[in-house]
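Take a look at the structure set out below.
Naming convention: chains lettered A, B, ... in sequence-line order (proteins, then strands); numbering from 1 in each chain. Note that this is a predicted model, so its numbers are computed, not measured. All values below come from the heavy atoms of this structure, side chains included, with hydrogens, waters and symmetry mates left out.
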Amino acid sequence: MKFTKNVSPDDRKMLNSIFWRSFTVFASRAGATKAHAPGFMYSILPAIDRYYKNDPKGQTEALERETTWYNITQNVGTFVMGLVASMEKKNSQDPDFDANSIVALKTSLMGPLSGIGDSIFWGVLRVIAAGIGISLASQGSVLGPILFLVIYNVPSILTRYYLTYIGFTLGDTFIEDMYESGSMKLLNKAASTLGLMMIGSMTATMVTFKSTLAIPIAGGKPIEIQTYLDQLWQGLVPLAVTLGCYWLLSKKVNVNWILLGVLALAIVLGLVGIV
Amino acid sequence: MKFTKNVSPDDRKMLNSIFWRSFTVFASRAGATKAHAPGFMYSILPAIDRYYKNDPKGQTEALERETTWYNITQNVGTFVMGLVASMEKKNSQDPDFDANSIVALKTSLMGPLSGIGDSIFWGVLRVIAAGIGISLASQGSVLGPILFLVIYNVPSILTRYYLTYIGFTLGDTFIEDMYESGSMKLLNKAASTLGLMMIGSMTATMVTFKSTLAIPIAGGKPIEIQTYLDQLWQGLVPLAVTLGCYWLLSKKVNVNWILLGVLALAIVLGLVGIV
Amino acid sequence: MKFTKNVSPDDRKMLNSIFWRSFTVFASRAGATKAHAPGFMYSILPAIDRYYKNDPKGQTEALERETTWYNITQNVGTFVMGLVASMEKKNSQDPDFDANSIVALKTSLMGPLSGIGDSIFWGVLRVIAAGIGISLASQGSVLGPILFLVIYNVPSILTRYYLTYIGFTLGDTFIEDMYESGSMKLLNKAASTLGLMMIGSMTATMVTFKSTLAIPIAGGKPIEIQTYLDQLWQGLVPLAVTLGCYWLLSKKVNVNWILLGVLALAIVLGLVGIV
Amino acid sequence: MLKTAILAALCVFICFGGNWLWGQTMIERPLVVGLVTGLVFGDVREGVMMGAALGAVDIGGALSAEPVTATVLATTFSIILNVNTKAALALAVPIGVFAAFISMFLKNIVMNVFAPLVDKVAATNNQKGLVRLHFGMWFLNYFLFSLVTFFSVLAGAKPVQQLVNEIPKNLMAGLSATGGLLPAVGFAILMRMLWSKQLSPYYFLGFILAAYMKLPSVAVAAVGIIIVVIQWMRDKQLMALENNQKELAAGEVKNHIDNQNNESEQEEEDFFS
Amino acid sequence: MLKTAILAALCVFICFGGNWLWGQTMIERPLVVGLVTGLVFGDVREGVMMGAALGAVDIGGALSAEPVTATVLATTFSIILNVNTKAALALAVPIGVFAAFISMFLKNIVMNVFAPLVDKVAATNNQKGLVRLHFGMWFLNYFLFSLVTFFSVLAGAKPVQQLVNEIPKNLMAGLSATGGLLPAVGFAILMRMLWSKQLSPYYFLGFILAAYMKLPSVAVAAVGIIIVVIQWMRDKQLMALENNQKELAAGEVKNHIDNQNNESEQEEEDFFS
Amino acid sequence: MLKTAILAALCVFICFGGNWLWGQTMIERPLVVGLVTGLVFGDVREGVMMGAALGAVDIGGALSAEPVTATVLATTFSIILNVNTKAALALAVPIGVFAAFISMFLKNIVMNVFAPLVDKVAATNNQKGLVRLHFGMWFLNYFLFSLVTFFSVLAGAKPVQQLVNEIPKNLMAGLSATGGLLPAVGFAILMRMLWSKQLSPYYFLGFILAAYMKLPSVAVAAVGIIIVVIQWMRDKQLMALENNQKELAAGEVKNHIDNQNNESEQEEEDFFS
Ligand SMILES: OC[C@H]1O[C@H](O)[C@@H](O)[C@@H](O)[C@@H]1O
Ligand SMILES: OC[C@H]1O[C@H](O)[C@@H](O)[C@@H](O)[C@@H]1O
Ligand SMILES: OC[C@H]1O[C@H](O)[C@@H](O)[C@@H](O)[C@@H]1O
């Protein structure tokens, strides 16, 4: 593959290490607010250690950047890991680099990459593999589960491998180009714009709330509150809660209190019968 | 409430007067083209008289501005009244103020405020009140209607009251800010843009036309003309009639002739069996 | 009609000739990639010969411009012919004219004009005519087919005639205005923007592909591949094929090879049971 | 029967007119109308129960009949004619459907004749006239409307129904259509005030968002605000450029040069990030 | 039977070919085709009634059979074989379905071989060639198509149906798919002429509006026009700024300064309101 | 029974934990889980067939039960208690539904307590701590989860079901709701990093595209890219203008004038076409 060839031996070592670590990316899950951030951090460590070798402050900053919510179909997530590695490289070399764009780009890629990844791997590939596997297994043959695993995993792991390299190589070229044309400011604006749009769309689809409250009417059918909420504004509660959390964060409220608050809110809503 | 506190005694007197008059806002209805304009004019009179005290020309102009179509859920409409009061205040003080923005802003608020207001008051609150009221009344108890009225009206009237003040206060601050940053021109552009978008959307939803004409086919099912009209352009007739009226108005045709024309058109379409 | 009056005798002669030739516009059909281009070229010849009288190079270029995919409901297509005639006129007179806008404008008009034209002529008019004709014919009367032809063709041919003139006249004025205000560059940008949007929308609706492949599941309902393709990206295959063709063209690959390639691709997909 | 008719019409006038005269306080809901009519005809319990019966049907506006007229007539028939609830409703509801049409017709079409007067009092700053007009229209509208109930009680339910059935269908359809088309004139007047060649595309955008993308008006407004904010920032950026240019042209270059540079750099920071 | 077959094929050629040669005048509708076939075979009444029967079925294009072939065959069978209408239709319609496929195949795929010739006559400004090509293609297409009818009559309906059933399904599916994919090449050619890096986003916007928001092409065009108008005004504003800048740079400041200021002020008035 | 319970819990730990520890290699699918459990309990054939039965039901995630727990329990019951497949499934699947809830609850809510630790190891650049935390969380989560299976086997299916039924419905609903609302905090943290007044409209645009226009995230991303590209080109154009202006202001006019003119002309060419 062209993509794996033009990489220096040292980068190659680093990328291979990221590739192997990426298998554990979903091992831990730090709750609903960070999701798989620790896995991402663990996977990307080789890049951080390499590019900020004798720079503990750089390492700390890089690690802190990566503590945010992370979740991408893992077989394609290595693309983002490669990309982030290339951006950390640039950031370590150039003091003017806007490190925020790393988070912006990562964030804007989550939704679309998972959409595509989940369709291909969970939708198509796994179903094909299962179809074949079940046919054999239902006759009691051990070949069923084995074939299932092989059919599913061979393309998955190849994808995981090559995307690590592709993310790194593409990112490298792209960022170099931006630099030369002096458009880093615009790149950051673009990444942030896209990132915010994707968070907006994730707020609408991944923060969920549905009131089951219904007002019984003597001699009529009950009135469902959710209907009127939707009429006011689709996804009103998720949007309000998200903006509320944002507002509290910007008022320097400790994130743990916010978490506790949301938890308490949800449980109370449950206890009083609203959800 | 913070919003009611920072208001001068004179403004407070005026706002209270607007609040009381607002109860009659829907008393009259001047046909489909002006709807509740007279009620709005009557309600806003205290502001007009106050800010254009010895300026009959100013009063006339302000009144004329308000003769356009008006319709907002009345319990939230006081927000707009307060806002308009604050804009008339500015307009009376500053010759550079673009009075058109008053109409623009009012217009752009109608759709969304009514959407929200109708959902909350007619959708949720009234239904809750009725549910409770009917349960009692169906046993013949007079408490039914009385509780219904209390449950519905207490929150409604409080909303009406506070929104009068909120509209005024918010408007005041906002417009002052615009002035200081010298952005009045942009404010007018923004208000007009929004106003035109909302009129466009209201043209689509509130001007209605549906042809019932169907061409019978010997040995087949009839062809409904409305289907083909929708295929050409959704809401073709409402859009065409609205643009036609606008064109006639811009050709200085008297509005009464236009009204008569639309009336005649609709009746003729009915008589010949098109609607 | 105002539109036919202000035209010089020579232009009138040319437009009449275009009008008559336009009847044959759909006689030939040069496959799926050019559709009715030859008919359009044949119809527009009078304009080309007139405006590039002693300029064979101009004629050649004009003809080459018109070899692209053409398809518009023919009764309204004369509008575009008139318009193109007026633009070729300008192009022959002014070396600065951007001839690309001719193709851009033509392309952007195809979708909407056919949408409107097909609705009116095939949807409404033909159905009315057929309704009346069939009623009579089902009793064996020759009047049935005859009335059908008359009712359908009289308005169709009148439309065809006047639109030839309207396209020419409107185009002439419009282009003259653009010139005077020095906005030709912007006109070209606008026409190309619109043209690209329409090609994009035509790619989505007129290039079609549907896989019938379904993976049978032992003891479950089959998995339809098309569902997952749509989940990945609506119209993925049409878009990919179109962009692929574009890419090949831009690599100077001969268009005939591309055609063959697409043909082969489709047949192979069929033989292996994917479509 | 005349007295009964007058009393019934009065109930309609009080409940319907009163509701709209004073804050839409919902005294026009069947529940309350039943109570009032019961009080007037001396059988509160029957009135309240009739109101509850109709109220349960009408929740959420499911009834195509005008509820005030329907409730008053049903209660009157039930108390005066002594028929049972079901029968009273069967007589009253069809007249209520007709009344709904009359109400729409009065408000949207008949009341149009006063539209020019509204413009006139405004143009002459005739504030007393405005007050008189406002409340005069109110009285006229609800007085005329009460007549439906008056004549229904006077003539008895059956003949009224027959009369209604005899109105030609085409005419009714035409009259209904006016209600749908007349708002066009109101919007055209608004457009006259806001329209400009520059902004006209946004009118059509609003139309498309509602007609084709089926967005409700809150969503159209949200899209509008998004557009307006983005546009605003671009405009500000361009204004800054223009102002700089003017200053340059005016030769004020020398004095302001440093400030400007700093300023515009800062603005750039703002706009491009 | 040869004469009958030739006559039937002629009817198809006249009606189908004639319709597309001359203005889509609808002489290909069953109503007219029935009349023509009736005239040719000497039973106008039967022809007209068969046309009416098929026409009623096909209104709005409900028939998946190619109507000219279906009508000609049905009428021929009915007049010549003397079977009744129902039986004639039962024989003719399945062949019409096959004919619909053949017609699509001829127009979209076979006729592709002439596409290069179109480019060639254009490149050599060979106008006579163009005319010959145009009408030659017409003749070939409809002549070939008439053969379906010719052989159907000649061989008799039954054997033809059998033959059709024997074509492998996969092959047919593949051939059908070509018709769906080939327009891609045409659009790619158009894109070559209009594409620019700057404008490419609009191609995808058009695609999304149609594919995801399900807008019909008139609505896409309307959205396009709205975008283009807004873009245009912004571009004009920027052009004015650029031109001013160039004049400033060229040192023409002194002479034009007043005019410019006025002008740009006016423009500002225009653009920001 | 203790040994059986431990072995069953081990199967869950290996299959479920192993799957997420190592690359989601699908060793948590019923097919594989059945094989593993079969191996552990010495009846591979039964295990594989149970896996196939549950796998066919669960294809595409149709099962609301957590499949690992359901498969392990069903296989265990079937091999140990010697009941038939149907009965084993009837016992196992309801517990699987409860397990699905527990899994969600552990991952989304309980594991939240470690979120601050993640920030802490990052802030102190404690890489060893990160590794320990990462794998520690993994172990804890899947260990706790295995207990569901452990106790289910130990206590027997029936009593467990009863226990589950006794949890108040309101509490369950509230706990479920937390899973829906907690991601809000995660998104808020991301917004803190990207938000700027200038760009905030795009957050709401993304929301509307998903909530009102029902665009899937790939399409929102495509619209976003289109917007970003168009915005970029405008920004570049304005930057060029600003830079020219600054140079003009700096009095560098004389030297660069020619180059600039050429340059900006070229740019114009680019931007306006
Ligand atoms: O959607 C992305 C990702 O989300 C979660 O981590 C799991 O559901 C994965 O299976 C999925 O791939
Ligand atoms: O929709 C706004 C407003 O419109 C009319 O005035 C009435 O239907 C009110 O009840 C409603 O609140
Ligand atoms: O859609 C435009 C045009 O396309 C083809 O040429 C035919 O189907 C015509 O009938 C139609 O008018």
So which of [options] has the biggest tally of heavy-atom pairs under 4.5 Å with chain B?
options	result
D:Val121, D:Leu106, D:Val218, D:Val185	D:Val185
D:Val131, D:Leu205, D:Asp119	D:Asp119
D:Leu194, D:Val229, D:Leu209, D:Asn126	D:Leu194
D:Phe114, D:Phe135, D:Trp22	D:Trp22
D:Ala188, D:Gly23, D:Gly17, D:Pro30	D:Gly23

Of the backbone (N, CA, C, O) and the side chain (C-beta and beyond), which part of [X] lies under 4.5 Å from a heavy atom of chain D, both, or neither?
X	result
B:Val268	neither
B:Met198	side chain
B:Ser141	backbone
B:Thr107	side chain
B:Tyr42	both
B:Trp122	side chain
B:Thr205	side chain
B:Asn100	both
B:Asn254	neither
B:Leu248	neither
B:Leu271	both
B:Gln139	backbone
B:Leu249	both

Starting at [atom1] of [X], measure out to [atom2] of [Y] and round the result to the nearest 0.5 Å.
X	Y	atom1	atom2	result
D:Ser217	B:Met110	OG	CE	12.0 Å
D:Lys107	B:Arg29	NZ	CZ	7.0 Å
D:Thr178	B:Leu259	OG1	CG	11.0 Å
B:Thr33	D:Leu190	OG1	CG	10.5 Å
B:Thr193	D:Ile225	OG1	CD1	12.0 Å
D:Gln127	B:Ile48	CD	CD1	7.0 Å

Chain B contact via [X] - which portion, at a heavy-atom distance below 4.5 Å:
X	answer
D:Ile189	both
D:Lys214	side chain
D:Ile227	side chain
D:Tyr212	side chain
D:Leu130	side chain
D:Leu215	neither
D:Val228	side chain
D:Phe139	neither
D:Gln231	side chain

Which atom of [X] lies closest to which atom of [Y], heavy atoms considered:
X	Y	value
B:Ser28	D:His134	OG-ND1, 2.8 Å
B:Gly273	D:Asn170	N-ND2, 4.3 Å
B:Met197	D:Val220	CE-O, 3.8 Å
B:Thr208	D:Leu181	O-CD2, 3.8 Å
D:Asn112	B:Ala30	OD1-O, 3.9 Å
B:Leu194	D:Ala221	CD1-O, 4.0 Å

Exercise. For the ring pair B:Phe26 and D:Trp138, is the centre-to-centre distance below 6.0 Å?
Worked result: no
Exercise. Going through the checks in order, is the side-chain hydrogen bond (donor to acceptor under 3.5 Å, both in side chains) test met by D:Tyr202 and B:Ser192?
Worked result: CA-CA 9 Å; D:Tyr202 295 104; B:Ser192 300; over 6 Å; no
Option that, when pairs with chain D are counted at under 4.5 Å, heavy atom only, ranks first among [options]:
options	value
B:Leu109, B:Val103, B:Val25, B:Leu239	B:Leu239
B:Gln59, B:Glu64, B:Gln74, B:Met41	B:Gln74
B:Leu63, B:Asp49, B:Leu196	B:Leu196
B:Ile116, B:Ile258, B:Leu113, B:Leu149	B:Leu149
B:Gly39, B:Ala191, B:Ser114, B:Ser108	B:Gly39

Exercise. Taking it one step at a time, do D:Val32 and B:Phe148 satisfy side-chain contact (heavy atoms from CB on, under 4.5 Å)?
Worked result: CA-CA 8 Å; D:Val32 187; B:Phe148 166 72; 3.8 Å; yes
Problem set entry | Whether B:Tyr246 and D:Trp195 hold their rings parallel, tilted or perpendicular, with breakpoints at 30° and 60° | tilted
For this session: Apply side-chain contact (heavy atoms from CB on, under 4.5 Å) to the pair D:Gln198 and B:Lys189, showing each step before the final yes or no.
Result: CA-CA 10 Å; D:Gln198 318 274 350; B:Lys189 185 179 177 185; over 6 Å; no
Exercise. Is there side-chain contact between D:Met191 and B:Leu243, with heavy atoms separated by less than 4.5 Å?
Worked result: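 Side chain of D:Met191 against side chain of B:Leu243, heavy atoms only: contact under 4.5 Å found.
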Problem set entry | From D:Val44, D:Leu35, D:Val33, residue fulfilling side chain to side chain contact (heavy atoms under 4.5 Å, CB included) relative to B:Pro145 |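 The single option meeting the side chain to side chain contact (heavy atoms under 4.5 Å, CB included) with B:Pro145 is D:Leu35.
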Exercise. Do D:Phe187 and B:Met206 pass the side-chain contact (heavy atoms from CB on, under 4.5 Å) test, and can you show the C-alpha distance, the side-chain angles, and the key distance before you say yes or no?
Worked result: CA-CA 10 Å; D:Phe187 296 144; B:Met206 301 178 59; 4.2 Å; yes
Exercise. Can B:Thr242 and D:Tyr203 be said to form a side-chain contact (heavy atoms from CB on, under 4.5 Å), step by step?
Worked result: CA-CA 12 Å; B:Thr242 309; D:Tyr203 172 76; 3.6 Å; yes
